[in-house]
Amino acid sequence: MHSGRFPLADLAGGLDLAATLESGQSYLWRREDGDAYAGDVTTDRDLDDAPWYYAVPDGEVVRVRKTEDALVWESTEDAHDRLVRLLRLDDDLDAIFADAPALDLVDDARGAFPGLRLVRDPAFGCLISFICSTQMRVERIHEMVSSLARAYGDAVSFQGETYHAFPTPDQLAATTEGDLRDLGLGYRAPYVQRTAEMVAAGDAHPEDALGREYEAAREYLTRFVGVGDKVADCILLFSLGYLEAIPLDTWMQTVVADHYPDCERGNYTETSRALRERFGGEYAGYVQTYVFHHLRTAE
DNA sequence: TTAAGACCTGAAGT
DNA sequence: AACTTCAGGTCTT
C-alpha cells in the first residue's frame, strides 16, 4: 500500500474536495459513506467528518480524504503525480481569479466556493459519462456510471475491498443496446454502445481532440454518437484541459438570460463566444464552473 | 441552415 | 392515487 499527503498550505487557493467531486463535473469518483450523492451539492463545510472518496483510474485504486491540514491519499501505487493531474492540484486559484473579470456574479460564486477546483478526468470515462448526462440529474448519472463499472469493469481489490474500474472501450463495445437499456441508460444506450465501438475500433478517440484550436476540438468531439456541443464542451473542460470551454446548458442559458442578455446570439456557437469573452476568455470555463455551482446551490 | 418532436426513466410536483 | 413535468441535450426529419 502506498500513501502520502499534500499539505493544504501548498495548494494555492485551497481545496474544497466535496464541492470538487460532488458537483457534477466528475463521475470518476465515489464517496465511501452511505450518504454519497444524496442529491444536494455538498461542500467541505457541510461535513462533520471528512469522508473518503475513491476512484480506479487505469486499474489502480486511489482513495483521498481531507484532514485538518492536508489532503491525504492511499493507493495501490504511488499516486502523487496522478492526483496532481486528476484534481488539478497545481492550479493556482488565486492567480486564475486575479485575472477573472470583475463581475458581481463571479465574486459571489468565488466567495461561496473557495477551493472548488476543476478536475481532469480520464477521457474515455468522461466521454461516456457525459453522453449519459443528457436530461439526467447528477445523482442518477452517478448511478448509471457505477452500474456500468459494476457490470462491465475490471474488479480490483485493495485493503480487502473490491472496487470496479470504469469499463474499457473494448468492454463497452462488446455490450448490446439491450444490455445497456436493462442497466437503465434509456435512449442513451445505443449512443454509449456505438461511441464505445468507435473508440474500440480505433476510428476516433476523445484525446485526438488535443492539440486542436478550441472550437475545432469541440467540432471534432461531436463525431461521437450522443455528443453535441454541450457535451463536447464538458469533455474539453473536465478532461482535456480546455479551460476556456463553457458548457452552455439550461443553467448557463438562464444565467445569460438573467444576467448577460446582451450575450444571447440565438445559437450555441455565437452565444458561447460572447459569454466566453464576458467571463475573461482563457479561464472562462473555470469561472463558469463556479457560477454554475453557486446558482445550483442557491436553490 | 434552422426548427419542431421524439426520446428512456424515475423522482418530484399537482 | 393517477397524471404531468422535468432533468447539466442530441438526433432526426
Side-chain angles (χ1 to χ4, degrees), chain A residues 19-29 35-42 109 113 116 118-119 121 125-148 175-198 204 206 218-239 242 245-258 264-272 275-276 279 284-299:
Chain A
T20 299
L21 298 183
E22 298 190 37
S23 49
Q25 49 167 329
S26 169
Y27 297 95
L28 173 71
W29 296 89
D35 309 323
Y37 311 121
D40 294 327
V41 175
T42 7
F113 287 99
L116 170 62
L118 278 172
V119 294
D121 272 12
C126 183
L127 168 66
I128 297 300
S129 52
F130 278 94
I131 287 174
C132 289
S133 77
T134 69
Q135 297 293 99
M136 268 299 148
R137 293 157 207 271
V138 169
E139 57 272 30
R140 282 245 285 151
I141 303 167
H142 275 288
E143 288 167 13
M144 285 192 286
V145 172
S146 293
S147 298
L148 287 173
T175 65
T176 67
E177 173 182 338
D179 292 337
L180 299 180
R181 281 183 183 270
D182 289 344
L183 222 51
L185 296 203
Y187 65 78
R188 305 157 194 78
Y191 299 167
V192 167
Q193 197 282 329
R194 290 174 59 195
T195 284
E197 215 161 47
M198 291 172 70
R218 186 174 69 195
E219 169 64 22
Y220 174 83
L221 291 174
T222 60
R223 73 186 51 207
F224 293 107
V225 186
V227 178
D229 287 333
K230 186 272 173 182
V231 167
D233 268 330
C234 288
I235 298 163
L236 291 175
L237 183 61
F238 304 139
S239 175
Y242 283 77
I246 298 182
L248 209 52
D249 60 10
T250 52
W251 288 87
M252 292 313 291
Q253 309 230 13
T254 302
V255 169
V256 170
D258 291 352
E264 180 52 64
R265 303 295 156 82
N267 66 73
Y268 192 101
T269 299
E270 297 300 329
T271 304
S272 170
L275 187 60
R276 188 158 62 253
F279 280 177
Y286 235 113
V287 173
Q288 177 272 351
T289 296
Y290 273 73
V291 169
F292 174 82
H293 295 304
H294 180 47
L295 263 59
R296 235 167 62 88
T297 53
E299 148 191 85

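- Straight-line distance between the P atoms of dT12(C) and dC8(B): roughly 12 Å, to the nearest whole Å.
- Nucleotides of DNA chain C with any atom under 4.0 Å from a heavy atom of chain A span, from 5' to 3', dC6(C) to dC11(C).
- A donor-acceptor pair is defined here as one N or O able to donate and one able to accept, closer than 3.5 Å; such a pair exists between the side chain of Gln25(A) and the backbone of Val119(A).
- Between Tyr286(A) and Tyr290(A), the angle of the ring planes lies from 30° to 60°, which puts this pair in the tilted group.
- Each of Val227(A) and Met252(A) lies near DNA chain C, and the nucleotide nearest Met252(A) is the one positioned closer to the 5' end.
- At a threshold of 4.0 angstrom between heavy atoms, the contacts of Phe130(A) with the nucleic acid are absent.
- There is no side-chain donor-acceptor pair under 3.5 Å between Ser239(A) and Asp121(A).
- Tyr268(A) comes within contact range of no nucleotide atom at all, as no heavy-atom separation falls under 4.0 Å.
- Within residues 178-191 of chain A, the residues approached by DNA chain C to less than 4.0 Å at the level of any non-hydrogen atom are Tyr187(A), Tyr191(A), in residue-number order.
- With 3.5 Å as the limit, one finds a donor-acceptor pair spanning the side chains of Tyr187(A) and Thr134(A).
- Considering every non-hydrogen atom in both His293(A) and Leu116(A), the closest pair reads CD2-CD2, 3.6 Å.
- Straight-line distance from the CZ atom of Arg140(A) to the P atom of dC8(B): 14 Å, rounded to whole Å.
- The CD-P distance, from Gln193(A) to dC8(B), rounds to 15 Å in whole Å.
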Checking side chain to side chain contact (heavy atoms under 4.5 Å, CB included) for the pair Phe224(A)/Leu221(A): CA distance, chi angles, key distance, verdict? CA-CA 6 Å; Phe224(A) 293 107; Leu221(A) 291 174; 4.0 Å; yes
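- Here, dA4(B) and dG8(C) have their P atoms 24 Å apart, quoted to the whole Å.
- Rounded to whole Å, the separation between the P atoms of dT4(C) and dA6(B) comes to 15 Å.
- When the C1' atom is compared between dA3(B) and dA7(C), the two are found 22 Å apart, to the nearest whole Å.
- Of all the heavy atoms in Ile131(A) and Val231(A), the pair that sits closest is N-CG1, 4.2 Å.
- At the heavy-atom level, Gln288(A) lies under 4.0 Å from base atoms of the strands shown.
- In DNA chain B, consecutive stretches of 3 or more Watson-Crick or G-U wobble pairs with both distances under 3.5 Å are given as paired ranges: B:3-7 with C:9-13, B:9-14 with C:2-7.
- Nearer to the 5' terminus of DNA chain C, by closest-nucleotide assignment, is the contact made by Gly24(A) (compared with the other of Arg194(A) and Gly24(A)).
- Across every non-hydrogen atom of Asp233(A) and Ala245(A), the tightest pair is OD1-CB, 3.6 Å.
- For the pairing with Val192(A), the side chain to side chain contact (heavy atoms under 4.5 Å, CB included) check across Thr175(A), Ile128(A), Leu127(A) returns one residue only, Ile128(A).
- Side-chain atoms of Arg276(A) and Ser272(A) form a donor-acceptor pair, as typed in the model, at a separation below 3.5 Å.
- Between Phe130(A) and Phe238(A), the distance separating the two ring centers is shorter than 6.0 angstrom.
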